[in-house]
Amino acid sequence: MNAISKPLSRFDEMAAVQPLVEVNNVTLRYKTQQMMITATKGVTFNINRSDRFILLGPSGCGKSTLLKAVGGYLQPDEGEITINGRKVTQPGADRMMVFQEFDQLLPWKTVLGNVMFPLLNAAKLPSREAEQKARHYIEKVGLSRVADSYPHTLSGGMKQRVAIARGMAMEPDVLLMDEPFAALDALTRRTCQDELLRLWEETKFTVLFVTHSISEAIKIGNRILLLSPHPGRVKAEVCDVDKINVSDGSAAKLEAEIHELLFAGEGH
Amino acid sequence: MQPTIIMRPEMPDTTGKVDLQVRLSGLELFWSHGAVRKTFILLVLAAIWEIYARALGNPLLFPTLTDTLVSLWASILNGVLFDRTLASLKILMLGYGLGVFLASALTIVAINTRLGTDLLETLTATFNPLPAIALLPLALIWFGLGIGSLVFVLVHSVMWAVALNTHSGFRGVSQTIRMVGRNYELRGLRYVFKILVPAAFPTILTGLKIGWAFAWRTLIAAELVFGVSSGQGGLGWYIFENRNVLDIPAVFAGLLMVIVIGLVIENLIFKTIERATIQKWGVQN
Ligand SMILES: Nc1ncnc2c1ncn2[C@@H]1O[C@H](COP(=O)(O)OP(=O)(O)OP(=O)(O)O)[C@@H](O)[C@H]1O
Ligand SMILES: [Mg+2]
């Protein structure tokens, strides 16, 4: 018995140590007709299980590009991206995307249909099970009332919550979110952020979250990766962000520090 | 200085009554229906037709509406018009179905390969401007005086419009929706039918409607030119036949039938599809 439990526990230890997502010295380029644009250069970072990992940087520094590469929509020119030790070569349902755009929901499906769609087509669940699961997650984001409505009848915030429910219902290894709340008004954005955190408390899913708002990064994340302007390189990493105390002003201080770092040497 | 909030006295509205809702009178309500107004226009046109034809007094040139309706009714009763219409619709379905099928195949090839795209673009650019009816003489040589020739021109009339629209619909599908589809690991035909087709459906439906309109006009025209062959011609042949025996009210009855079928398919079938799909989804463009 001892002989079995020992290697097992060592294996567990290793699984805990090995990061879920490894981005290793990744350079990403776009080839257009006239030129080659380097979006990110030599970016390295690791995401552990249950991390709320934030990519933060100025507009155009390649955050979306990095996220798409982790999603498998783009291949790195240099370096390698692995998830669970497997190299990422194409998109897959183990990495569910939540986009900024409101049109990410399939307009020809109801809210329920949208959440069920990947469960049926990618996870290949039987329809009854898929429906149960979909309803469970729709309830979690508080949208049971509109489960049978079509997306065009929902507000922007509701659409984003459906997209989050759809991503979470798949219980992916990592949820990839590209500024999911950027197009929302300030009030709705705060509600959605709170809700995301509450959901995280429940299931502790892993999320890679892109934003260009420093305050959003501090609010959502436990680790923040700061990227330099075009082409994006890693400038710094902020750890244990969730240990911050919101009331005593340390959040504001961290925000100022990050701002300083991001825009250092630009004279403001 | 402190900001102050001044309550406005007019807010609790107890004195003056505001008309939030004003009831429309019965007649106004009735008139606000589009169908009612259009029916009215049709009735006026019918009256003008009747009056003009009576004043002209020459049934060979322009029969009265009543004569036309009587003739229509008689043809319906003795089954001739029904047979002719059925014959037309059968060929139409055959040609339309085949045209749509070929267009789908061509478009699927086109979205998957670059050469396919070039092929589709070249073919549609070449053949789309060519009126289908112009191919009829050639079709008659190739396929003889039979259904084959009619189906050939119908396929030609349907295929390019449908392929062109479907293809541009596919290309217009947003990058986000495409990425969503790929995120779900949909590939090949499953990707086409579960993501691209529904996402492009408004444009596809437009193509199907244009294709239908082309097909119906082409068929009637082709039948006017020939139709003798297969023993039982269609509606176009019915019109031609009756002109030859100078039964002008029957000619008008045939024309009326062509219009009615066109209206039924456009307003009943396509409108129903529209209501069940793009209107329900809120994606009408
Ligand atoms: N499809 C593309 N073709 C060519 N260049 C692109 C393409 N998409 C992005 N880029 C370039 O790559 C760089 C990074 O773009 P990216 O969209 O990743 O920025 P971002 O950090 O997400 O910015 P934002 O915060 O504004 O969304 C930019 O300089 C942009 O010009
Ligand atoms: Mg972006």
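Labels below follow one simple rule: chain letters A, B, ... track the order of the sequence lines, proteins then strands, and each chain is numbered from 1. Bear in mind the structure is a predicted one, so any value in this text is a computation, not a measurement.
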Contacting moiety of A:K68, where chain B heavy atoms sit under 4.5 Å: side chain

Show, in sequence, the C-alpha distance, side-chain angles and deciding distance for B:K194 and A:N121, and conclude whether the side-chain contact (heavy atoms from CB on, under 4.5 Å) test is met. CA-CA 10 Å; B:K194 294 201 171 213; A:N121 287 291; 2.8 Å; yes

Please report the interatomic distance CH2(A:W108) to NZ(B:K280), rounded to the nearest 0.5 Å. 14.0 Å

Under a 3.5 Å distance rule, please check whether A:D103 uses its side chain to pair with a backbone N or O of B:T176 as donor and acceptor. no

With a 4.5 Å cut-off on side-chain heavy atoms, are A:F99 and B:V180 touching? yes

Side chain, backbone, both or neither: which part of B:R178 has an atom under 4.5 Å from a heavy atom of chain A? neither

Taking every heavy atom of B:I177 against every heavy atom of A:L106, the minimum-distance pair comes out as CD1-CD2, 3.8 Å

Taking atom CD as the centre, does A:E139 end up with more than 12 heavy-atom neighbours from other residues, nucleotides or ligands that are less than 6.0 angstrom away? no

Whether the side chain of B:N183 engages the backbone of A:P91 through a donor-acceptor N/O pair (distance < 3.5 Å, no angle test) should be reported. no

Select one option (side chain, backbone, both, neither) describing which atoms of A:Q90 are under 4.5 Å from chain B's heavy atoms. side chain

Other residues, nucleotides, ligands: >12 heavy atoms within 6.0 Å of A:R190 CZ: no

Hey, which of A:P151, A:G92, A:G72 has the most heavy atom pairs under 4.5 Å with chain B? A:G92

Answer yes or no: does atom CZ of A:R145 have more than 12 heavy-atom neighbours from other residues, nucleotides or ligands under 6.0 Å? no

What do you reckon, is CZ of B:F214 surrounded by more than 12 foreign heavy atoms closer than 6.0 Å? no

To the nearest 0.5 angstrom, please state how far the NZ atom of A:K124 sits from the CD atom of B:E185. 7.5 Å

What part of A:R166 is in contact with chain B, defined as an atom under 4.5 angstrom from a non-hydrogen atom: side chain, backbone, both or neither? side chain

Find the distance between OH (A:Y73) and CD (B:Q175) and round it off to the nearest 0.5 Å. 10.0 Å

When you look at OH of A:Y30, are more than 12 heavy atoms from neighbouring residues, nucleotides or ligands closer to it than 6.0 Å? yes

Donor-acceptor contact present, side-chain B:Y184 to main-chain A:A93, <3.5 Å: no

Looking only at B:M179, B:R190, B:R182, the option with the highest number of non-hydrogen pairs under 4.5 Å against chain A is B:M179

Nearest-0.5 Å distance, OG of residue B:S174 to CD of residue A:Q104: 10.0 Å

As a quick check of understanding, evaluate side-chain contact (heavy atoms from CB on, under 4.5 Å) for A:Y150 and B:V283, giving each step before the final call. CA-CA 11 Å; A:Y150 283 88; B:V283 291; over 6 Å; no

